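All of these numbers come straight from a predicted model, not from anything done at the bench.
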Amino acid sequence: MTDVDEPSEINITQLWRSHSTELLRYATLLVGPHDANDLVAGAFAKIGPSALGQIMNPRAYLFRVVANLAFDQRRSQQRRQVRDLHALLPTSGGAMDSQLDVRRAVAALSVQQRAVVYFAYWEDLDAPAIAEILDIAPGTVRRHLANARHRLRKELS
């Protein structure tokens, strides 16, 4: 190992120590406890030693990667669920359970909405801070939060 490689590895280790716990909480909210560890590990795997010096805000980068991985996983699960439902129920019909609990209602939100809800309510961040972490406009944060609130009110009432 050369001297050039050592600082990058130390920085990745420091990043892990500094951010893995909060990333795990965030990932757990987005995908549940069973897949959260995989998302966090995948986020850190995306940071190679050569790319580490090019990332301006590693914390924000890691949160964005976790959100993107969660979005990819959610999209894959939705495709699988649609395929499975078509196999089980060839005709569309049946009533959905009207008594959704909060976890199911939050899980029904889009990944972007869940991310904004997480940062707004669990991390107590305002729209500009959330926008910086997710690398989106503050107006987009407010829109996602308003849409999430509306959907949660509708599903939980």
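- Side-chain contact between Val65 and Tyr61: present, with at least one pair of heavy atoms (C-beta onward) separated by less than 4.5 Å.
- Note: Glu22 CD to Phe63 CZ = 4.0 Å, rounded to the nearest 0.5 Å.
- For the residue pair Tyr26 and Ala67, the shortest heavy atom distance occurs at OH-CB, 3.5 Å.
- Between Ile47 and Ile12, the shortest heavy-atom contact is O-CD1, 3.7 Å.
- Contact check for Thr140 versus Arg143: side-chain heavy atoms found under the 4.5 Å cut-off.
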Show me the donor-acceptor pairs within less than 3.5 Å that the side chains of residues 115-139 make with the rest of the protein, sequence neighbours left out.
unit_1: Tyr118; atom_1: OH; unit_2: Glu123; atom_2: OE2; d: 2.7
unit_1: Tyr121; atom_1: OH; unit_2: Arg149; atom_2: NE; d: 2.7
unit_1: Tyr121; atom_1: OH; unit_2: Arg149; atom_2: NH2; d: 3.0
unit_1: Glu123; atom_1: OE2; unit_2: Arg25; atom_2: NH2; d: 3.4
unit_1: Asp126; atom_1: OD1; unit_2: Ala129; atom_2: N; d: 3.1

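- The backbone N or O of Asp72 lies less than 3.5 Å from no partner atom in the side chain of Ser76, so there is not a single donor-acceptor pair.
- The line from CG of Asn147 to CZ of Arg142 is 13.5 Å long, rounded to the nearest 0.5 Å.
- Taking NE2 of His150 as the reference point, atom CD of Glu155 lies at 10.0 Å (rounded to 0.5 Å).
- Annotation: the span from His34 atom NE2 to Thr28 atom OG1 amounts to 10.5 Å, rounded to 0.5 Å.
- Two residues are said to be in side-chain contact when any heavy atoms from C-beta on lie closer than 4.5 Å; Val40 and Leu62 fail this criterion.
- Contact record, Val31 with Ala70: CG1-CB, 3.7 Å, taken as the closest heavy-atom pair.
- Here the closest non-hydrogen pair linking Arg74 and Ala108 is NH2-O, 3.3 Å.
- Considering every non-hydrogen atom in both Ser110 and Arg151, the closest pair reads N-NH1, 4.4 Å.
- Going from atom NZ of Lys46 over to atom CG of Asn68 covers 8.5 Å, rounded to the nearest 0.5 Å.
- Rounding to the nearest 0.5 Å gives a distance of 9.5 Å between CG of Leu23 and CG of Leu15.
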